[in-house]
Q: 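To start, I am sharing the structure in question, which I have written as structure tokens.
In what follows, residues are counted from 1 in the order of the sequence shown. Note that the structure is a prediction, hence the values are computed from the model and not measured.
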Amino acid sequence: MTLHSGNLPSRAQALRCVRCDKLHPFAPFRYLCDCAAEGAVLDVVYDWQGLRREDLDLGARQDMWRYRALLPIGPDAILPEISVGATPLSPNATLARQVGVGAVLIKDEGRQPSGSLKDRASAMAVAHAREAGFRTIATASTGNAAAALACLAANAGLHAVVYVPETTPAEKLLSIRAYGAEVILVAGSYDMAFATCLHEARERGWYLRSTAINPLMTEGKKTAAYEICEQLAWRAPEAVFVGVGDGSIIGGLHKGFSDLLALGWIGAMPRIFGVQVAGSNFLYRAWGQQIPLDQVERRSACSIADSLQAEVPQDRFKALDAVTKTAGAYVEVSDDQVLEAMRLMARCGYLVEPAAGAACAGVIRAREQDLLGGRSEAVILSTGNGLKDISSLRRMIAMPSIPK
């Protein structure tokens, strides 16, 4: 008899520190390793023995919880009622010709409830917070994670407190407030908002959703990789391009593809390309110059792509592994190149925010640098809807020509 994943206990076995490799017993509310290393975030370790694809809820559910057997969530957890996941993966021959590759497939996360991929992590956070009896859940964000948490918390009847920089686009702030979240504007960068949120959540005993602190956020985001492979008849694409700020999404993609390879459900890993903007390029500099992450110069972050701004990516160790362990690359693009890529995607029917445009610009840059062949298949992870940043759309429309 085939068991459905809803009847199975979580297969999460332990939490591994990405710095010292120490294993901790799995506990949904353990956030960091007790070693002294900077960036000592944790990664969930699973026991996949005996698991089959038949154990997934592929017929019963049309959302991210169809992969519940691969997630660190128990059978008694109360899942959000709103549907998260199951976004389309669509080929676009016109865009493929324009960027110079054999095939482009767009994974459109702008169709999530709050308009971004961050809903996947927030759905996971809300499910765990409710399971443990928390009433308040907090996060730091440049906007998208805050909107995602506000949306999912409202659906679950939880109080959300979000810490965002004062420079957060007005459109994102409006949606966050519309969902009923408490908004704390921080005078400074995302890194300052992150530190403030961490302190307040610890002091007040709130559930903390912030990425690179809560290891379960990677587990929510990895479901995008599961969907990509399932949508390709259980194979991995040749290359995946994603904008990188804090590093959590690219780390989640790597985790998802790695899970499927370990299970034997795909035959090879895709090459993962991280795309950073010139005004926030910590990982691009570390990878390109082969500098240890604890020795990279820290610079203030500034870009039209607010979602990609991070002086020091909080999930930098997972983010660097995602590229180095898949023979991928980090590429750097300018704000003008991001805007032009947004225009190319809009002319193909995809209205995207700058962080998603950066992924498309990254394909063009990788081709220019001969990092990607002209007949390659590239998945563009379109992480957010363009209506989240109207001012950037205005700048895109006003651009007179393709930047050289």
Side-chain angles (χ1 to χ4, degrees), residues 92 94-96 98-101 104 106-110 115-118 142-144 165 167-169 171-172 190 239-247 249-250 272-285 287-288 299-311 313 319 329-369 371-372 378-404:
N92 196 291
T94 300
L95 189 58
Q98 291 173 327
V99 301
V101 297
V104 162
I106 300 173
K107 181 65 170 166
D108 188 6
E109 291 292 298
S116 87
L117 183 145
K118 302 294 180 69
T142 57
N144 280 343
T167 55
T168 300
E171 298 82 7
K172 293 180 181 180
Y190 164 73
V240 180
F241 285 77
V242 58
V244 178
D246 213 24
I249 292 178
I250 194 172
I272 299 178
F273 288 79
V275 186
Q276 291 215 284
V277 288
S280 183
N281 62 359
F282 183 100
L283 286 159
Y284 169 75
R285 288 184 282 122
W287 176 84
R299 301 174 183 172
S300 60
C302 182
S303 171
I304 189 175
D306 65 285
S307 296
L308 303 185
Q309 291 186 47
E311 295 176 11
Y330 271 98
V331 295
E332 180 188 64
V333 297
S334 68
D335 279 359
D336 279 350
Q337 288 168 331
V338 168
L339 290 168
E340 181 55 37
M342 288 170 60
R343 181 156 62 185
L344 289 177
M345 293 186 72
R347 298 301 189 266
C348 293
Y350 292 87
L351 194 66
V352 303
E353 69 167 342
C360 179
V363 179
I364 299 171
R365 190 68 180 136
R367 284 288 296 121
E368 291 172 347
Q369 296 179 339
L371 297 171
L372 190 69
V379 168
I380 293 174
L381 191 62
S382 181
T383 47
N385 190 286
L387 295 178
K388 285 176 164 288
D389 191 343
I390 300 299
S391 63
S392 291
L393 291 181
R394 290 195 181 103
R395 288 181 61 178
M396 175 200 79
I397 293 168
M399 288 185 70
S401 62
I402 297 176
K404 302 297 183 184

Q: I'd like to know if the side chain of E353 reaches the main chain of D389, judged simply by a donor and an acceptor atom lying under 3.5 Å from each other, with no hydrogens or angles considered.
A: no
Q: Could you state the interatomic distance from CG (L381) to CG (L117), rounded to the nearest 0.5 Å?
A: 5.5 Å
Q: How long is the span from the CG atom in L393 to the CG atom in L387, to the nearest 0.5 Å?
A: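 L393 atom CG to L387 atom CG measures 6.5 Å (nearest 0.5 Å).
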Q: Could you pull out the closest heavy-atom pair between I390 and E171, with the gap in Å?
A: CB-OE2, 3.0 Å
Q: Got a sec, which residues hit salt bridge (Lys or Arg N to Asp or Glu O under 4.0 Å) with R285, two or more places apart in sequence or on another chain?
A: none
Q: How long is the gap from CE on M342 to CG on L344, to the nearest 0.5 Å?
A: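 Here the interatomic distance stands at 11.0 Å.
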Q: Tell me the salt bridge (charged side-chain N to carboxylate O under 4.0 Å, His left out) pairs involving residues 272-284, sequence neighbours left out?
A: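 Residue pairs with at least one partner in residues 272-284: there are none.
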Q: Could you tell me the separation between the CD atom of E340 and the CZ atom of R343, rounded to the nearest 0.5 Å?
A: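 Going from CD on E340 over to CZ on R343, the span is 4.5 Å.
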Q: Using side-chain heavy atoms (C-beta onward) and a distance below 4.5 Å, is V363 in contact with L95?
A: no
Q: Among all residues two or more places apart in sequence or in another chain, which pass the side chain to side chain contact (heavy atoms under 4.5 Å, CB included) test with T94?
A: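 Only N92, R97, Q98, C348 meet the side chain to side chain contact (heavy atoms under 4.5 Å, CB included) criterion with T94.
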Q: Taking C-beta and beyond as the side chain, do Y350 and I380 meet within less than 4.5 Å on heavy atoms?
A: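 Answer no - side chains too far apart.
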Q: Side chains of F241 and V99, heavy atoms from C-beta outward: is any pair under 4.5 Å?
A: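 No, side chains not in contact.
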Q: Decide yes or no on side chain to side chain contact (heavy atoms under 4.5 Å, CB included) for Q369 and V331, but give the supporting numbers first.
A: CA-CA 9 Å; Q369 296 179 339; V331 295; 3.8 Å; yes
Q: What residues form a salt bridge (Lys or Arg N to Asp or Glu O under 4.0 Å) with E368, not counting sequence neighbours?
A: R365
Q: For A341, which residues count as a side chain to side chain contact (heavy atoms under 4.5 Å, CB included) partner, sequence neighbours excluded?
A: C360, A361
Q: Check D335 with R395, please: is the shortest side-chain N to carboxylate O separation under 4.0 Å?
A: no
Q: Is any side-chain heavy atom of N144 closer than 4.5 Å to a side-chain heavy atom of K172?
A: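 Touching, per the 4.5 Å side-chain cut-off.
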Q: State whether the side chain of Q309 and the backbone N or O of Y190 hold a donor-acceptor pair below 3.5 Å, judged by distance alone.
A: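 No, Q309 side chain to Y190 backbone: no donor-acceptor pair under 3.5 Å.
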Q: Compare all side-chain heavy atoms of D306 with those of T167 and state whether any distance is below 4.5 angstrom.
A: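 The answer is no, as the side chains (C-beta and beyond) never meet within the 4.5 Å cut-off.
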Q: Looking only at heavy atoms, what is the nearest atom pair of G243 and L308, with distance?
A: C-CD2, 3.7 Å
Q: Quick check: closest heavy atoms across F282 and E311, and the distance to 0.1 Å?
A: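 Minimum heavy-atom contact is CD1-O, 3.5 Å.
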Q: Taking the side chain as every heavy atom from C-beta outward, state whether V333 and V277 have any pair of such atoms under 4.5 Å apart.
A: yes
Q: What are the two closest heavy atoms between L372 and A378, and how far apart are they?
A: CD2-CB, 4.5 Å
Q: May I ask you to test the T383-K118 pair for a side-chain heavy-atom distance under 4.5 Å?
A: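 No - every pair of side-chain heavy atoms lies 4.5 Å or more apart.
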Q: Side chains of E109 and S116, heavy atoms from C-beta outward: is any pair under 4.5 Å?
A: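 Side chain of E109 against side chain of S116, heavy atoms only: no contact under 4.5 Å found.
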Q: So, using salt bridge (Lys or Arg N to Asp or Glu O under 4.0 Å) as the criterion, who are the partners of K107 when residues are at least two apart?
A: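 Per chain and number, K107 pairs via salt bridge (Lys or Arg N to Asp or Glu O under 4.0 Å) with E227.
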Q: Write down the atom of P165, the atom of T142, and the distance for their closest heavy-atom approach.
A: CD-CA, 4.1 Å
Q: Any side-chain to backbone donor/acceptor pair from S382 onto A356? Under 3.5 Å, distance only.
A: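 Checked: no pair found.
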Q: For residues V338 and P354, report the shortest heavy-atom separation together with the two atoms involved.
A: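 Taking every non-hydrogen atom into account, CG1-O, 3.4 Å.
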